[in-house]
Amino acid sequence: MTAYIIRRLLFLVFVLFGVSILIFGLLSTFSPERRAAAYVTTPQQAENIPLIIKEYGLDKPIYVQYGKWIQQVAQGNLGWSLVAARPVAKAFWNYFPTTLELNLFASPLVVIVGIWLGTMSGVYRDSFFDHSTRIAAIVGWSLPTFLFALILLMIFYGYLDLFSPGILSSELALWVANNPDQFVRYTGMYSIDGLLNGRPDITLNALNHLVLPVLTQVIVVVALLMRVMRSGMIEEMSKDYVITAKAKGADFKTIYQKHAKRNALIPVITVAGQLVALSMEGSIAVEVVFNRQGMGWWLAESATQLDMPVLMSVCMFVGLVFVISNLIIDIMYAYVDPRIRLH
Amino acid sequence: MAVLLTAQDLTTNFYTYEGVVRALDKFTLSIDHGCTFGLVGESGCGKSVTVRSMLRVIQSPGVIEGGRVLFSEQAGTDPIDLLELSEEEMEGIRGDSISMIFQEPNAALNPVLTIGYQVAESFLFHRTAQMSTRICEKIDGGVSFGLLTPLYRAMLSIAAKSPKSRFLKACSRIPLLRRWDTPVKDEAMRRAVDIIGKLGIANPEEIVTRYPHNLSGGMKQRIVIAIALACHPTLLIADEATSNLDVTVQAQILQLLNDLKKESISSILLITHDLGVVAETCEKVGVMYAGTLCETGKVEEVFSRPLHPYTQALLTSVPKFHQEGELQSIEGSVPNLVYPPSGCRFHPRCPKAMEQCSIEKPELKELRKGHFVACHYAEAQVGGLV
Amino acid sequence: METSTTMDAVQAHEHPRLRELKFTLVRIFRNPSAVIGVVLLSFFIGVAIAAPYIAPPKYAHAPYKMPHKGFSPTPKPPSERFIMGTTSGQYDILYGVVWGTRTAFKIGLLVVGFAGLVGVTLGVVAGYYGGWFDEILMRFVDIVWSIPLLVLAMTIVVAFGRGLENIIIALALVEWRWYVRVIRSEVLKLRHQEFVQAAKLMGVSDRKIILRHILPNSIYPVLIMGSMDMGSMVITASFLSFVGLGAPRGYADWGQMVALARNYIVGPANNPLQFWYTIFFPGICIILFVLGWNLLGDALRDAFDPKLRRR
Amino acid sequence: MRKKILELKGLEKHYPVYGGVFKRKVNSVKALDGIDLDIYRGECLGVVGESGCGKTTTGKAVINLHAPTGGTALYYPENGEPVDIAGMSNRQMKKAGIRSRLQMVFQDPTTSLNPRMLIKHIVAEPIKEQEKLSARELEAKVVSILEMVGLSRMHLMRYPHEFSGGQRQRIAVARAIAASPEFIVLDEPTSALDVSVQAQILNLLDSLRKDLNLTYLFVTHHLLVVKYISTRIAVMYLGKCIETCPTDELFMNPLHPYTHALLSGIPNPEVTGNSSRIVLEGDVPSPLNPPDGCRFHTRCPFCIDICRREEPALIDVGGGHSVACHRQDSVAALVEERYGISGYC
């Protein structure tokens with residue numbers, strides 16, 4: 001087990017190294033002037049780009065440049081973000097909590113709803129319930145996230161006027177911005193900070209703004225989970241050990257809850273990595289459409305404005321999150337399936 | 001001898017995409033109290049379907065279409081029809097009065113649950129009331145299970161009367177109250193350790209904490225047997241229990257079954273394709289072909305003086321210790337049961353087939369004493385009933 | 001003498017491959033979702049082929065450029081002249097939707113074709129031969145794998161410059177990793193199958209083994225995935241267009257049409273759904289197009305499920 | 001003097017087990033741990049043993065399907081110098097013209113036939129590798145081979161799934177003999193088949209061996225089958241060969257205690273009434289760490305001190321009978337004394 005984790009951590013370093021080379025290689029197609037932006041940390045510096053080009057050798061061979069860049073990254077200097085108008089490392093803490101908040105609410109819902117629906121439609125295969133969830137899943141799978149989000153906005157914001165885009169209502173946002181001493185941003189997530197600062201109205205308002213984004217995120221991600229859980233359940237229910245349990249005198253509920261479900265979770269864990277990737281992609285679309293200033297919004301905005309340092313840093317960060325979550329998934333795998341020995 | 005279990009005109013079909021597989025066609029069989037009965041036949045002849053139909057554990061797309069399965073647990077009592085019972089009553093019979101061992105010990109054990117839990121489950125399903133009474137007595141005798149002991153005592157006494165009560169199920173969802181059955185589970189686990197030890201497995205305390213993949217094939221098969229024997233069944237059904245095991249392990253298991261037979265179980269229904277196993281362990285035998293029973297009777301009688309052409313051919317097609325000359329084989333192959341042959345299902349391959357055989361399905365008739373055969377030819381040869 | 005004697009007479013006339021094909025088709029179309037999927041896709045194929053007749057291009061040399069009457073940003077409702085109305089910038093929605101069908105097919109076929117070809121070739125070679133090539137390729141896939149499709153595709157588009165061609169290239173450059181993984185795992189399973197070993201024993205060359213034994217038995221998961229990908233690639237491409245990384249303004253592309261409609265999803269207070277047509281027509285096209293491919297893929301998966309395969 | 005076709009000397013097949021941070025080799029599964037065996041032309045050598053004893057590995061290693069990790073496997077062509085085929089690549093063997101001489105029939109005909117190829121192409125494949133024939137000649141040859149295994153022209157244009165298990169195994173045999181081999185490894189060729197079909201295949205194999213002058217290595221766990229078809233038997237236990245001798249001799253006069261246990265454990269389909277058997281305790285040890293000394297000592301009912309220390313060599317006791325046991329002189333008497341068994345025939 002320890003050997004396995006150590007190996008995975010080494011692997012993490014390797015992957016991050018690979019990602020950095022990949023991304024650096026891709027973006028080295030830009031002119032030295034553009035690339036200089038990756039080293040700028042203040043607006044003042046931006047004025048003497050030629051100096052930076054010289055200092056970092058942006059006209060030198062690519063491996064020299066890469067070395068210099070990695071050196072900077074290691075020191076925490078990720079460059080200047082045009083979109084955020086501040087250094088990338090600082091802007092990161094501004095945007096990350098918003099995305100985290102969205103996924104903190106969406107992920108548990110995805111897991112609970114997906115596993116429950118999948119189990120039920122697998123157990124009661126070919127029932128009305130099964131057919132309707134299957135149809136819902138395939139339609140949900142076919143709905144582009146951004147389009148679905150737009151439709152929700154059209155109905156719930158435009159027509160019903162229940163939920164609106166953004167993170168907070170403009171009055172509250174203005175108040176928060178103007179009173180930094182009265183509202184401390186402990187976590188950066190308004191729904192939690194509101195409670196911590198004794199302002200439940202802010203929490204409620206933030207939650208209100210979260211309803212549609214979370215709904216979109218859940219519907220788009222849950223389809224995959226449900227499908228895998230369903231087919232896992234169908235497969236497990238036809239295994240011999242189910243008959244053994246039945247021959248022991250087990251009732252139907254014990255059979256599927258106690259015996260089949262845990263086995264059916266094993267294939268679910270193999271697609272957990274895909275679920276993480278789906279959530280990341282979903283966050284981009286959700287944030288763009290609902291105008292929530294999170295990582296996804298930042299990335300999309302940076303892409304359209306060719307804000308290179310952000311793209312590089314976000315790719316590295318996403319790679320890090322992805323590899324770490326895969327490590328956690330593998331450990332979970334070993335926990336659910338005793339046959340797996342991590343060696 | 002009194003009859004323990006009778007299957008009458010049992011018919012089971014499988015509704016597949018390719019068509020309706022008529023796996024069992026008016027299958028008839030009866031097993032006596034205290035008898036070891038061997039059911040032999042080639043793969044796909046419906047041996048497993050038979051016993052699974054009897055216990056009603058057929059999986060979709062299989063459907064039991066008709067017939068009766070009469071079961072009288074005590075000799076001389078009125079039999080009950082297992083096919084008429086409600087699912088809940090059936091759950092009470094499975095694993096308690098009738099239990100089953102499966103072919104593939106790898107597949108028959110749940111890979112993600114501990115051995116101990118899987119054995120203990122049998123007790124939890126059938127002995128919760130008994131164990132609860134025992135624990136209530138213990139509590140009254142001064143044994144304590146922590147602060148909530150009086151509350152648990154009350155719940156356990158409910159469990160002692162009706163172990164499947166809705167009230168208890170509801171309680172099992174409430175955080176503190178759900179722990180009422182911990183002593184019962186512990187007791188079940190103790191009994192699991194007991195029975196595993198009795199089956200000749202060294203240090204059972206350690207084995208119960210393991211998972212199936214840690215054990216060898218022979219050990220797994222013993223665990224499967226332990227599960228089946230947990231509640232002292234009246235009838236033990238062993239479905240190809242030794243077929244996938246090696247010769248030396250098979251010898252161990254057969255000996256174990258033999259010993260158990262003497263001690264605790266009343267009857268065994270042994271299903272196998274290995275004629276040798278039947279010859280060595282069974283008293284009576286039934287020979288199956290394509291979903292029907294062709295011949296049944298005492299093993300010595302059937303094996304030394306077979307009347308059905310299929311049994312005769314089968315016996316000459318297996319290699320023996322004293323093999324003389326070439327092995328004889330049966331021409332052709334087992335029919336596709338979506339389109340079963342008309343009349344006697346063996347007639348297309350039968351060397352003795354007569355005109356009548358393709359038209360009329362032969363009835364099972366007692367042609368010699370205790371020796372039943374379903375064959376027009378044999379009937380004509382032997383000349384009517386005894 | 002054997003089970004199929006009754007069928008001999010019937011089967012004797014047709015070629016066995018034809019018989020197999022018929023059997024497979026029957027199995028696929030037993031599933032109603034396959035029927036719906038194929039109907040939807042035939043409709044889109046019809047529209048794509050008949051595009052010049054349904055919506056005659058205004059500029060013969062650049063048919064993908066949507067014609068527009070005026071520059072007013074406010075969309076106009078359906079009228080006799082513009083059956084589906086006009087969207088922001090007065091682009092004809094019907095024209096965009098019809099020619100956008102061609103764009104969608106172009107994106108799907110090019111991305112899936114390229115990614116599938118590259119992925120299958122690399123995956124088969126890596127899986128069959130193993131060794132250092134496999135090791136290097138799989139480590140490279142690990143690296144590419146750790147960045148989600150959308151993020152990596154965005155970065156590539158930024159690096160290569162915006163435009164529909166670059167979106168297609170970017171998606172193909174990312175998506176091949178899936179095909180490598182899927183086909184490689186199939187090949188690894190097949191490599192130790194007894195019929196492959198038997199072929200080796202007979203001295204059949206590796207090339208022939210791959211072509212005769214490995215590929216025909218491992219291609220089905222790729223077909224299923226290809227079908228599903230046709231849809232999901234169009235989704236991703238339309239999102240990239242929606243964000244503004246796609247074709248230049250005025251190009252007939254569903255994603256861009258949704259982007260044009262974006263500011264009009266909420267109308268004035270007295271009639272909030274006034275501009276429904278701007279998002280409805282391109283939106284429904286994307287959804288039905290993707291749904292068609294997904295239904296087909298789903299039916300293929302059921303039909304080729306090895307557990308349901310007859311013995 | 002019988003002519004050898006294969007001579008195995010210390011043939012080994014170890015499968016590495018990796019572990020640790022850098023996945024270094026930490027141990028190996030000794031599936032085949034040095035066996036010496038001579039196989040003579042025209043015989044059918046039965047290899048018996050329990051699952052995991054390395055009998056299938058032996059079959060795959062002698063024809064170099066899975067390259068052995070140690071030892072030599074000498075192949076004696078009909079006329080010419082012997083060649084060590086252990087460690088040769090398939091291409092080298094093909095060049096030397098021996099690849100097609102050594103063939104194999106697998107256990108399960110459902111997995112050993114490509115489900116997407118017609119029978120015609122399955123049987124034609126090995127022929128095409130050897131000679132260039134016109135389409136018509138090729139078809140005629142395929143038909144003649146199919147007829148040898150009891151199939152006919154009408155089966156040419158069918159897929160494997162359209163056949164029954166027994167017929168599929170016939171096709172697999174046809175494919176093997178289409179390569180015009182001298183030596184065929186039969187890996188449990190009947191254990192996936194029905195009892196009534198098993199006899200057909202056994203008889204077919206036996207007559208083919210005589211007609212085509214083939215040599216078989218028949219791998220099985222079923223002792224009565226091997227008794228029926230083999231001329232000589234090798235008993236294996238945990239990667240080692242522990243006893244070899246002519247078939248009748250083995251059943252009359254087994255010398256190794258493990259052979260005794262195997263033979264006494266066979267369920268006899270003839271109703272005899274007497275069925276005393278040697279029931280071995282415990283399980284087969286792991287091939288990862290086989291026991292020191294005699295590998296069987298952990299389960300042997302007659303184990304003495306020397307068995308734990310020293311590994312017995314396979315020694316010839318005359319009459320083509322070899323055994324690896326320290327107590328081979330007294331085993332028969334011990335068995336009769338303790339279990340009351342004398343002979344199995």
(message) Whether Glu129(D) and Lys208(C) form a salt bridge (side-chain N of Lys/Arg under 4.0 Å from carboxylate O of Asp/Glu) is what I want to check.
(response) yes
(message) For Trp145(C), does the six-membered ring have the charged nitrogen or CZ of Arg181(C) within the cation-pi criterion, i.e. under 6.0 angstrom from the centroid and within 45° of the normal?
(response) yes
(request) Would you mind checking which part of Leu113(D) comes under 4.5 Å of any heavy atom in chain C, side chain (CB onward), backbone (N, CA, C, O), both or neither? (result) backbone
(message) Can you list the residues of residues 85-109 of chain D that sit under 4.5 Å from chain C, counting heavy atoms only?
(response) Asn90(D), Lys94(D), Arg99(D), Ser100(D), Leu102(D), Gln103(D), Met104(D), Phe106(D), Gln107(D), Asp108(D)
(message) For Lys132(D), is there an ion pair with Glu137(D) - N to carboxylate O distance below 4.0 angstrom?
(response) no
(request) List the atom of Ser227(C), the atom of Leu300(C), and the distance in Å for their closest heavy-atom pair. (result) CB-CD1, 4.4 Å
(request) Determine the interplanar angle of the Phe163(D) and His155(D) rings, folded into 0 to 90°, and report it as parallel if under 30°, tilted if 30 to 60°, perpendicular if over 60°. (result) tilted
(message) Whether the Ser144(D) and Glu147(D) side chains hold a donor-acceptor pair (N or O, under 3.5 Å, no angle test) is what I'd like checked.
(response) no
(request) Flag yes if more than 12 heavy atoms outside Phe43(C) fall under 6.0 Å of its CZ atom; otherwise flag no. (result) no
(message) Please report the interatomic distance CD1(Ile36(C)) to CG(Leu288(C)), rounded to the nearest 0.5 Å.
(response) 11.5 Å
(request) Spell out the residues in residues 184-196 of chain C that have some non-hydrogen atom less than 4.5 Å away from a non-hydrogen atom of chain D, in order of number; otherwise answer 'none'. (result) Gln193(C), Glu194(C), Phe195(C)
(request) For Arg153(D), check salt bridge (Lys or Arg N to Asp or Glu O under 4.0 Å) against everything at least two apart and list the hits. (result) Glu139(D)
(message) If the condition is ring pair (Phe, Tyr, Trp, His ring centres under 6.0 Å), which residues does Phe105(C) pass it with, not counting sequence neighbours?
(response) Phe289(C)
